[in-house]
Visitor: 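Pasting a structure below so you can have a look.
Nothing here was measured: the structure is a model prediction, and the numbers come from that model.
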Amino acid sequence: QLENEIHYLQENLKSMEKIQGLTDLQLQEADEEKERILAQLQELEKKKREDARSQEQFLGLDEELKSLKKAVAASDKLAAAELTIAKDQLKSLHGTVVRINQERAEVGTQVSQDVLISTVSE
């Protein structure tokens, strides 16, 4: 009977060793899975940081674009004002040229009349 009990205990021991081996294997697989999950988490954190950096760059570019639009609008207004001033100056200059031409014509007519009168008087 002692032999039976020894045999029983040996079988139990073998069974326990198999269970221990399977448990060790499961533990190793769990550790490997944990490492894979940690690597994925690190990759996600890296991507999150990159996304945040990209978002910051996008917001910076968006602000720069708004600033450029304001600058272009101000520049367009200034250019329009300068064109209006130039147009007004050209109109004024044209009026001056017309007046000078009229005065020349009047002086020319007067000179012609004076020459004519002078010729007739002689």
Visitor: Would you say E11 has more than 12 foreign heavy atoms packed within less than 6.0 Å of its CD?
Guide: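 More than 12 within 6.0 Å, yes.
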
Visitor: Checking side-chain contact (heavy atoms from CB on, under 4.5 Å) for the pair R104/V107: CA distance, chi angles, key distance, verdict?
Guide: CA-CA 5 Å; R104 279 186 185 165; V107 168; 5.7 Å; no

Visitor: So, taking the atom named CG in L27 and the one named NZ in K34, what distance separates them when rounded to the nearest 0.5 Å?
Guide: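 The CG atom of L27 sits 9.5 Å away from the NZ atom of K34.
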
Visitor: Would you give the length of the straight line joining atom CG of L93 to atom NZ of K91, rounded to the nearest 0.5 angstrom?
Guide: 13.5 Å

Visitor: Would you compute the distance between atom NZ of K66 and atom CG of L61 and round it to the nearest 0.5 angstrom?
Guide: 12.5 Å

Visitor: Any donor-acceptor pair under 3.5 Å linking the side chain of T109 with the backbone of A105?
Guide: yes

Visitor: Please assess R36 against E33 for the test salt bridge (charged side-chain N to carboxylate O under 4.0 Å, His left out), listing each intermediate value before the final yes or no.
Guide: CA-CA 5 Å; R36 279 193 300 272; E33 182 66 19; 2.4 Å; yes

Visitor: Report yes or no: does S67 contribute a side-chain atom to a donor-acceptor pair with the main-chain N or O of E63 at less than 3.5 Å?
Guide: no

Visitor: Only pairs at least two apart or in different chains count here, so list each side chain to side chain donor-acceptor pair (under 3.5 Å) that has a residue in residues 45-56.
Guide: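 Every side chain to side chain donor-acceptor pair (under 3.5 Å) pair that includes a residue of residues 45-56, provided the two are not neighbours, is K47-D51.
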
Visitor: With rounding to the nearest 0.5 Å, note down the distance linking CG in L90 to CG in L83.
Guide: 10.5 Å

Visitor: Using 0.5 Å steps for rounding, measure from the CG atom of N12 to the NE2 atom of H7.
Guide: 10.5 Å

Visitor: Rounded to the nearest 0.5 Å, how far does CD1 of I6 lie from CG of L13?
Guide: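 It is 12.5 Å, given to the nearest 0.5 Å.
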
Visitor: Would you sort out whether D24 and Q20 count as a side chain to side chain donor-acceptor pair (under 3.5 Å), showing the intermediate values?
Guide: CA-CA 6 Å; D24 287 346; Q20 180 66 41; 2.9 Å; yes

